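Just so it is clear, the values below take in all heavy atoms, side chains as well, and ignore hydrogens, waters and symmetry mates. Since the structure is predicted, the reported quantities are computational estimates derived from the model, not experimental observations.
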Amino acid sequence: RGTNVITVLHQPSFPLYQLFTTVLLLGKGGRTVFLGRSEDALDYFQNSLGFTMPPLINPADFFMDCIAGKYECEVAAAVQAVSSGRSLVSDRGTATKIGDNPMKRIGPIRSKEGMAPLTPQNFFDVWEEYGARYTEKDLSNHQAPIRVTSAVLRSKVPRGFFSATTLFMTRQAIQHFHSANMIMTDCLLVLVTGLALGKLYNDVELSNMAATALVYSLGLGMTLGLSTLRVFGAERVVFWRESASGSGMNLNPVAYFIGKNLVDIPRIMLITLLMCISFYPQANPLMDFGSFYEVSLGATFAVSGWAYLLSITFDAKAAQLYIVVILLVFFMTAGVTPKLTTLVGKPLYGLSYMSYARWLCEDLFVGHSFELTAVYRLPPKFYENPGRDSLFAHLLVTSYSEAFKIYGYPPVNLFMNIWIGLFSRAMALYALIGCNREKRGLMSYTSTFTINVINPLQDWFANREDGADKVSREKMTRQLSTRRQSIQIERSTLSSNSTNSATDGGNDFTPPQGKPSLHTGLSAEVGLVDVDLSMPAAEETVGKRSSETNAIY
């Protein structure tokens, strides 16, 4: 199709090796041992390096064994000569040059004196010295690159949503087909669990129906939840690779998630059916099998959603631990032991609304109790043991209600489990898109929040502080400028007054003895002003001395 394909393989088969146009063989440290056409690699190893490939050996395996040191040189000196380019002298005294097979394939590594494997450095040296002609030969057959037009680029549009969903559904179906043995193992485990629980709680009665429903919900949740972890958890790395930026896959996470969910529904229905088939005949509740399977399927729908969420968010081992913990929490908040009435006002009571076991247990209990005869519906005081035989007593203790069956209301408990399944799947989809973004070459939401929110706020506060400092500096500058102007005016006034006084007194004026002359005093004042003009203390001193000078005159 005119597309370049680059792949990394270890020990490919010979038919697959023949499909390659160019082969790059790397030695220890990632340095080149051979780079050229695939059909030239054997010629290089046999004619240039002197190895002989045994019959019925895969060439790809033969090359890797040579590089790994499983083939030996005739003598250690021959290896050095190949690397240095010197002529060799064989055992018979005949000079041998490079390219005349100075090395021979002796066989598997043997402890024999005078034999040594070709070291990685020898391979690198020989290739750098004599491998150019193989690379040039390979490049000579390459076609000039063809410029891809804009029309071709525009025609390569990604798959639409429905097409991508169909593609992922097909791939998930193929995965189920390839893992048929594992699915059969899960089915066998479910059958054994159902048979064991049914044997322990066979022919249930009103007194133990709540406990039977609780244990059944735990067994159903455990078997289905653990097996569902593989749906997304088994290919987390594949999803990261295919959804990474620049991978070329353009994977749509929503289509991927929906496709895998839709294909997984038959597996969930099958496991639930096997659990019901193995448990129902032995427990023998009064509700019909169809209703029993329906409420059980609603519970497994909720459990599978939590399993999706955990398998997407955590690795396999952590997800297994967390699914067990969360199912045990749901077991404790089912309202059987402890009762819902004792959980009111506690944090566990809020969690009970997310517990699939609570709604499943109520459906199973009410489905059984609704079929009981009127003998069980008398007031509790009519029974010798009301806690065992009175239906009203059981309904009051467990906070269950038959109203939706008596008045034909919709199956609220079943709808609650369906809502829990949808809610947990929405969280799983969010986790699929938002978690492990670094593994897909994307910026995490924490980093995005820091860059777009935290850093701008820090810059704003820093700029605000800098602005306040700038205003303070400008205010101080204005104050100093005003003081300078006032001092300059004062100096001008003093100079004018001294000139007028000298003119009115005539030339006979003689300053008093021991007192500084006017000219000397003004010079001193001017010098003070010029030196310490920016200092407030100096400005006060100037003003004080100016007053003294006016008093003298």
Side-chain angles (χ1 to χ4, degrees), residues 182-230 267-307 320-321 323-340 352 355-372 388 394 397-398 400 413-414 416-417 420-421:
M182 191 171 296
I183 294 178
M184 293 302 297
T185 302
D186 294 338
C187 294
L188 180 61
L189 179 62
V190 170
L191 284 173
V192 172
T193 303
L195 290 173
L197 294 179
K199 186 67 175 178
L200 291 175
Y201 296 91
N202 58 340
D203 295 329
V204 295
E205 298 178 355
L206 179 63
S207 57
N208 64 348
M209 183 60 201
T212 302
L214 181 63
V215 175
Y216 170 76
S217 67
L218 180 63
L220 180 64
M222 285 288 186
T223 52
L224 183 108
L226 291 173
S227 63
T228 306
L229 292 176
R230 295 192 299 268
R267 185 191 65 87
I268 296 175
M269 297 177 65
L270 175 62
I271 290 179
T272 307
L273 179 62
L274 293 176
M275 188 71 174
C276 294
I277 289 175
S278 58
F279 178 83
Y280 181 86
Q282 299 185 86
N284 196 21
L286 296 181
M287 65 186 306
D288 60 279
F289 180 82
S291 300
F292 189 86
Y293 176 68
E294 180 183 0
V295 297
S296 299
L297 190 59
T300 54
F301 182 75
V303 173
S304 60
W306 294 117
Q320 290 178 0
L321 175 62
I323 191 65
V324 172
V325 171
I326 195 173
L327 290 178
L328 288 178
V329 172
F330 291 156
F331 178 84
M332 294 171 57
T333 57
V336 178
T337 53
K339 306 295 183 183
L340 280 179
S352 67
S355 173
Y356 77 98
R358 171 184 175 178
W359 312 110
L360 176 61
C361 289
E362 183 173 357
D363 266 337
L364 294 178
F365 183 89
V366 172
H368 177 81
S369 64
F370 188 73
E371 301 297 332
L372 293 174
R388 183 190 64 186
H394 281 282
V397 171
T398 57
Y400 293 159
N413 297 328
L414 177 61
M416 284 298 299
N417 271 333
I420 293 173

What is the minimum heavy-atom distance between A299 and L360, and which atoms define it?
CB-CD2, 3.7 Å
Is a side-chain donor or acceptor of Y293 paired with a backbone partner of I277 at a separation under 3.5 angstrom?
no
So, the side chain of S355 versus the backbone of S352: is there a donor-acceptor pair under 3.5 Å, distance only?
no
Does T337 have any side-chain contact (heavy atoms from CB on, under 4.5 Å) partners at least two apart in sequence or in another chain, and if so, which?
L214
Return the set of residues passing side-chain hydrogen bond (donor to acceptor under 3.5 Å, both in side chains) with T272 (not counting sequence neighbours), or none when no residue passes.
T300
Taken in chain and number order and not counting sequence neighbours, the residues that satisfy ring pair (Phe, Tyr, Trp, His ring centres under 6.0 Å) with F330 are W306
Identify, with sequence neighbours excluded, every residue that meets side-chain hydrogen bond (donor to acceptor under 3.5 Å, both in side chains) alongside S278.
none
Are any non-hydrogen side-chain atoms of L364 and P285 less than 4.5 angstrom apart?
no
The criterion is side-chain hydrogen bond (donor to acceptor under 3.5 Å, both in side chains); which residues satisfy it with N413, sequence neighbours excluded?
D363
Taking the side chain as C-beta and beyond, is there a heavy-atom pair between M269 and L297 under 4.5 Å?
yes
When rounded to the nearest 0.5 Å, the distance separating CG of L226 from CD of Q320 is 6.5 Å
Mark yes or no for whether H368, through its side chain, and M287, through its backbone, hold a donor-acceptor pair below 3.5 Å.
no
Applying side-chain contact (heavy atoms from CB on, under 4.5 Å) between M222 and each of I323, V190, L327, report the one that passes.
L327
Close side-chain approach of I420 and W359, heavy atoms under 4.5 Å
yes
Can you tell me how far CG of L224 sits from CG of L229, rounded to the nearest 0.5 angstrom?
9.5 Å
To the nearest 0.5 Å, atom CG of L321 lies from atom CD1 of I326 at 11.5 Å
With F301 via ring pair (Phe, Tyr, Trp, His ring centres under 6.0 Å) - residues at least two apart
none
Side chain to side chain contact (heavy atoms under 4.5 Å, CB included) for V303 and T228? Distances and angles first, verdict last.
CA-CA 9 Å; V303 173; T228 306; over 6 Å; no
Without placing hydrogens or testing angles, list every side-chain donor-acceptor pair under 3.5 Å for residues 193-211, not counting sequence neighbours.
{"from": "T193", "atom 1": "OG1", "to": "L189", "atom 2": "O", "distance (Å)": "2.8"}
{"from": "N208", "atom 1": "OD1", "to": "E205", "atom 2": "N", "distance (Å)": "2.8"}

What residues form a ring pair (Phe, Tyr, Trp, His ring centres under 6.0 Å) with Y216, not counting sequence neighbours?
F279, F292
For P338, check side-chain contact (heavy atoms from CB on, under 4.5 Å) against everything at least two apart and list the hits.
T342, L343
Applying side-chain contact (heavy atoms from CB on, under 4.5 Å), can you list everything that pairs with S227, at least two apart in sequence or on another chain?
D186, R230, R267, I271
In this structure, OG1 of T223 is separated from CG of L218 (nearest 0.5 Å) by 9.0 Å
Heavy-atom closest pair, residues N417 and G298
CB-O, 3.5 Å
According to ring pair (Phe, Tyr, Trp, His ring centres under 6.0 Å), who are the partners of F289, at least two apart in sequence or on a separate chain?
Y280
Which distance, rounded to the nearest 0.5 Å, do you find between the CD of E362 and the CG of L414?
12.0 Å
side-chain hydrogen bond (donor to acceptor under 3.5 Å, both in side chains) filter on N284, not counting sequence neighbours, yields none
To the nearest 0.5 Å, atom CG of L220 lies from atom OH of Y356 at 6.5 Å
